[in-house]
Amino acid sequence: MAYLNDNFLKLKAGYLFPEISRRVKAFCDANPDAAKDVIRCGIGDVTEPLPPAAIAAMHRAVDELSARETFRGYGPEQGYEWLRAAIAQNDFRNRGCDIADDEIFVSDSSKCDTGNILDILGPKNKIAISDPVYPVYVDTNVMAGNTGEANASGAYGRLVYLPCRPSNGFIPVPPKRHVDVIYLCSPNNPTGAAATREQLEAWVQYALEHKALILFDAAYEAYITDPAVPHSIYEIPGARECAIEFRSFSKNGGFTGVRCAYTVVPKTLLAQTKTGEFHPLHPLWLRRMTTKFNGASYIVQRGAEALYSEEGKAQVRALVEHYLGNAAVLREGARKAGLKVFGGVNAPYIWVRTPKGLSSWDAFDLILNRARVVITPGSGFGSQGEGYFRISAFNSRANAEEVARRLRAMDWTPA
Ligand SMILES: *Cc1c(COP(=O)(O)O)cnc(C)c1O
């Protein structure tokens, strides 16, 4: 009989979103009249239609595929040159970051890239992750065998958890001890916090001193409103020697269903072999992508390219401003409800302290039952998320306003 990957058996059942669905369904079954009224602010998925520039470009691309003269089959695995050039110029060189076109690797997903990156990293790394955290970083390390078993509170052996609390602005600080790989997500899902230049400088300095690798997830870069907050890790001197950056078109262009993202691997970034020689990571990622990936679809890459046109940029801005407007409405609503509110300024997520010592799940049940609103319990993102909940701003304005109204009107006395 074949052997399976035992590491998968260490995974704690991905229970957060299934458990949310179960509780919402139970509530709707028990309260059929209220069911129509439920507003979902749980899962972080966009709600608004695609920018027209992307739609037009994708229509044109489909038409090209319909004629022999303009037909395209397999493209370059790393992405078409015109898209890599548009990305490197607009997202990096225009911001003063020295990134070459061939350091951009276009893919169909940042979620996949943040997991797949482990293909090119060795088994002995000490890995640091924030708590609370985007669960993908943890689970992909479990699958890859980089962790021990989970303990009763769900923390895995061999991982270094970096607590994110109000005292550090929900941005982890470099540990005293040595780690080899650090996952950073800024602006952050789930807390909505954005790392300042000083905080990122401290991490780059740590990484250079420890010859560590920073895996920087900037999926929410477009939501940065504070001019002092860096948009890329490469705005920090030295980052080309210690960081990989992940970006996605999911949250800026609303491409969650279209699927396009990219990863930046600078050619100056080195890691060590097991015998201690330094070797660049760029050729490994190139080999990984050309072997295990066959490129994002031509149509989708044309759609992504259109987001960099003048009209595309304006449409992306409008989309992001819509969600940030919702975030402001939700922040204000939660604040007027007497809640302690974080995030929502440089990110589409509001991170809220539960009142009256409620647990995250108790708050979930109370808000569902009394306000008919679905939020995400903070404890689902890690033990430090206990006592918080996340409200997503991905919604219509009318729904955001209604949620704000209901939170204000709600009786927060524990059931
Ligand atoms: C939404 C999101 C992404 C984007 O993932 P895609 O696979 O590109 O849709 C990446 N990182 C975080 C933290 C996210 O929330």
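Order of appearance sets the numbers: ligands from 1, and atoms from 1 within every ligand. Side-chain atoms are counted along with the backbone in the values below, which use heavy atoms only and exclude waters and symmetry mates. Sequence positions, counted from 1, serve as the residue numbers for this chain. Quantities reported herein were computed from a predicted structural model and do not represent experimental measurements.
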Are the charged groups of K267 and D102 less than 4.0 angstrom apart, N to O? yes
Carboxylate-amine/guanidinium proximity below 4.0 Å for E332 and K336: yes
4.0 Å heavy-atom contact, T256 with ligand 1: no
Atom 15 (O) of ligand 1 has as its nearest protein heavy atom Y220 OH, 2.6 Å
At under 4.0 Å between heavy atoms, what of A219 touches ligand 1? The answer is side chain
Looking only at N/O atoms, are Y349 and ligand 1 under 3.5 Å apart anywhere? no
Heavy-atom distance to atom 14 (C) of ligand 1: which of R247, K251, K111 wins? K251
Aromatic rings Y298 and Y80: how do their planes relate, parallel, tilted or perpendicular, breaks at 30° and 60°? perpendicular
Heavy-atom nearest neighbour of atom 4 (C) of ligand 1 within options S248, C185, G44, A218: S248
Between S110 and ligand 1, does any nitrogen or oxygen pair lie at a separation below 3.5 Å? yes
Do the charged groups of E401 and R405 touch, with an N to O distance under 4.0 Å? no
Got a second to check how far D217's CG is from Y183's OH, nearest 0.5 Å? 10.5 Å
Please identify which atoms of ligand 1 are closer than 4.0 Å to at least one heavy atom of N189. 13 (C), 15 (O)
Could you check whether Q384 and Y161, counting side-chain N and O atoms only, form a donor-acceptor pair closer than 3.5 Å? no
A student checking ligand 1 against D217 at a 4.0 Å heavy-atom cut-off should list atoms 10 (C), 11 (N), 12 (C), 13 (C)
Is the shortest distance from a Lys or Arg side-chain nitrogen in D6 or K10 to a carboxylate oxygen in the other one below 4.0 Å? no
If you count the atoms of ligand 1 from 1 in the order shown, which ones are under 4.0 Å from a heavy atom of S109? 6 (P), 7 (O), 8 (O)
Starting from atom 6 (P) of ligand 1, which protein heavy atom do you reach first, and at what distance in Å? R259 NH2, 3.4 Å
Quick one: look at S250 and ligand 1, take heavy-atom pairs under 4.0 Å, and tell me if it's side chain, backbone, both or neither. side chain
Taking 4.0 angstrom as the limit, do R84 and E81 come out as a salt bridge? no
